[in-house]
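First up is the structure itself, then whatever we jot down about it.
Just so it is clear, the structure is predicted and the values come from calculations on it, not from any experiment. Remember, it's 1-based here, ligands and their atoms both numbered in the order they're listed.
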Amino acid sequence: MRAGESTRELGVYVHIPFCETLCPYCDFAVSVQREIPHQAYVDRVKAEIAARAREFEGHRAVTIYFGGGTPSLLHVEALAELLAAVREAVVVDPGVEITLEANPNQLSAPNLEAWRALGIERLSVGCQSFNDRHLKALRRNHDRARALAGVERALAVMERVSIDLMFGGPGQTLSEWEEDLGEMQRLVEERGLSHVSAYNLTVEPGTAFWIRQKRGRLKLPEEDLSATMLERLGERAREVGLWRYEVSNYARAGAESRHNSGYWLRRPYVGLGVGAHGLAVAADGRSRRRSNTRRYRAYMEQGDPGAPQSEERLSPRESFVEHLFLGARSRLGLDVGALLESYAAVLSPRDEVRVWETLRELAGLGLMEEVQGLWRPTLRGLDLGDTVAERLFEAGSPEPSEGLSE
Ligand code: SF4
């Protein structure tokens, strides 16, 4: 079958869990090893691809995303082998977006050229900051000079580059954050940076920061200061033409991450590797979420290479509800009329009225808006995303007298 011929769009996510050190705030599925077992991991993921071959049938990959961990630590030959295995398993769209997450330490000219030659056209670089004091406080293993030089080299070679920034780290001041935003603006204006993901540091249970916080030895900026940092980020991104299209993502129009947008638009995706998640959607509206074990050794040694650690089956009605409230998480816009139509078999006229009434109510509160026939949260609605999602969840769910599993 040729690409585009009656196939459904699919995202492919490949998790590469290796990192050189464990960052004290990290809650991802990560494995820190003296020697990275490149070939063993590639062989294991290839076995998973083979075992799950049926999940690729009838689809064409529109995005392939290598996330981590630190995928840029993987040898180029290993990446090439994984990409070839994906291309063999699924039809790949000619316009596919292929992204690699990279640490600034690996952004050498030879690496960049080799990745480009593999067809990787988008890099997501984990800078976090350009301030040496802040980078040290976050225990990152790169410094300002490496981050800046690496990003500039990447921008010269890659078609699209995104940087990750983090605010609200230990002892961070507003002026340090303004410095980071200044570098961000310069990279956009002078070097063509087109995408920024910016996260407020959150302290996850079980991390080193969490332990320090419990012992009273972690000083983070007050909530008010973090809110000001977020506000300044929005203002300075806008000044250089980046629009906020999702809670933490800012891009030039047209440079949005197609892979991550798929999560909000509920496009099916296959997640491969340690800790990877996936979503399968059947033609009748039922769907299935699954995830692999987050433990490296368990993943490497499990008997059935395609077996998930957990699986959740969603009825068409539950799938509809999820689709509706996920749409409130990004500003890409949701065609609510088309969505209601595609789930008409499980919705009553009264259900549809409740959805429209809720949207109008949220619009009245300044939290949602309709733009060119698509519904999306306003910037305020994005900041109050949990409230909006909760209201949409209620609006889409059956009324208490009905059941949810239809
Ligand atoms: S580099 Fe990223 S994935 Fe690796 S430990 Fe640090 S935060 Fe976690």
Side-chain angles (χ1 to χ4, degrees), residues 13-38 41 45 65-75 78-79 82 99-108 111 115 122-148 150-151 154 161-170 172 180 195-213 218 220 248-249 257 259-260 263 271-277 291-300:
Y13 174 86
V14 188
H15 191 78
I16 311 295
F18 309 112
C19 285
E20 288 174 313
T21 55
L22 183 63
C23 300
Y25 52 87
C26 183
D27 185 36
F28 299 122
V30 160
S31 173
V32 178
Q33 304 189 28
R34 204 185 303 255
E35 295 278 334
I36 294 177
H38 299 265
Y41 191 70
V45 174
Y65 192 102
F66 291 96
T70 311
S72 54
L73 282 175
L74 207 60
H75 288 155
L79 270 177
L82 282 176
T99 304
L100 179 83
E101 286 182 357
N103 180 295
N105 288 336
Q106 282 94 46
L107 298 180
S108 64
N111 273 350
W115 294 333
R122 184 172 183 275
L123 271 198
S124 173
V125 185
C127 297
Q128 314 312 340
S129 177
F130 297 108
N131 177 284
D132 280 332
R133 191 214 61 79
H134 192 218
L135 284 168
K136 255 198 192 132
L138 294 172
R139 301 272 189 277
R140 297 294 304 203
N141 62 358
H142 63 268
D143 59 14
R144 167 189 166 80
R146 259 180 198 252
L148 275 179
V151 170
V161 175
S162 172
I163 59 169
D164 280 3
L165 291 177
M166 184 170 275
F167 62 96
Q172 192 184 25
D180 279 346
H195 193 284
V196 176
S197 300
Y199 304 93
N200 191 352
L201 174 74
T202 48
V203 179
E204 301 293 344
T207 60
F209 272 1
W210 182 74
I211 294 167
R212 270 172 62 186
Q213 193 175 51
L218 185 71
L220 297 179
S248 310
N249 288 297
S257 160
H259 184 82
N260 290 334
Y263 297 145
L272 304 161
V274 179
H277 297 255
S291 53
N292 285 347
T293 174
R294 286 171 55 90
R295 288 168 43 233
Y296 176 77
R297 182 161 293 187
Y299 176 76
M300 294 302 283

Does [X] reach the side chain of [Y], with side-chain heavy atoms less than 4.5 Å apart?
| X | Y | result |
| --- | --- | --- |
| Val30 | Leu22 | yes |
| Arg140 | Asn103 | yes |
| Trp115 | Leu107 | yes |

- Which of the ligand 1 atoms, numbered from 1, are nearer than 4.0 Å to a heavy atom of Arg140: 1 (S), 6 (Fe), 7 (S)
- Item | Which of the ligand 1 atoms, numbered from 1, are nearer than 4.0 Å to a heavy atom of Thr21 | 5 (S)
- Query: Any sub-3.5 Å donor-acceptor pair from Asn292's side-chain atoms to Gly273's backbone N or O?
  - Reply: yes
- Answer with yes or no whether Glu20 contacts ligand 1, where contact means a heavy atom under 4.0 Å from a ligand atom. no
- Of all the heavy atoms in Asn103, does at least one lie under 4.0 Å from an atom in ligand 1? no
- Task: Could you walk me through whether Phe130 and His134 pass ring pair (Phe, Tyr, Trp, His ring centres under 6.0 Å), step by step?
- Result: CA-CA 8 Å; Phe130 297 108; His134 192 218; over 10 Å; no
- Message: Check for me: within less than 2.8 Å of atom 8 (Fe) of ligand 1, which protein N/O/S atoms show up?
- Response: Cys26 SG
- Give a yes-or-no answer on whether the side chains of Thr99 and Glu101 include a donor-acceptor pair shorter than 3.5 Å. no
- Please name the pair of heavy atoms, one in Leu220 and one in Val203, separated by the smallest distance, quoted to 0.1 Å. CD1-CG2, 3.7 Å
- State which residues pass salt bridge (Lys or Arg N to Asp or Glu O under 4.0 Å) with Arg294; sequence neighbours excluded, sorted by chain then number. Asp27
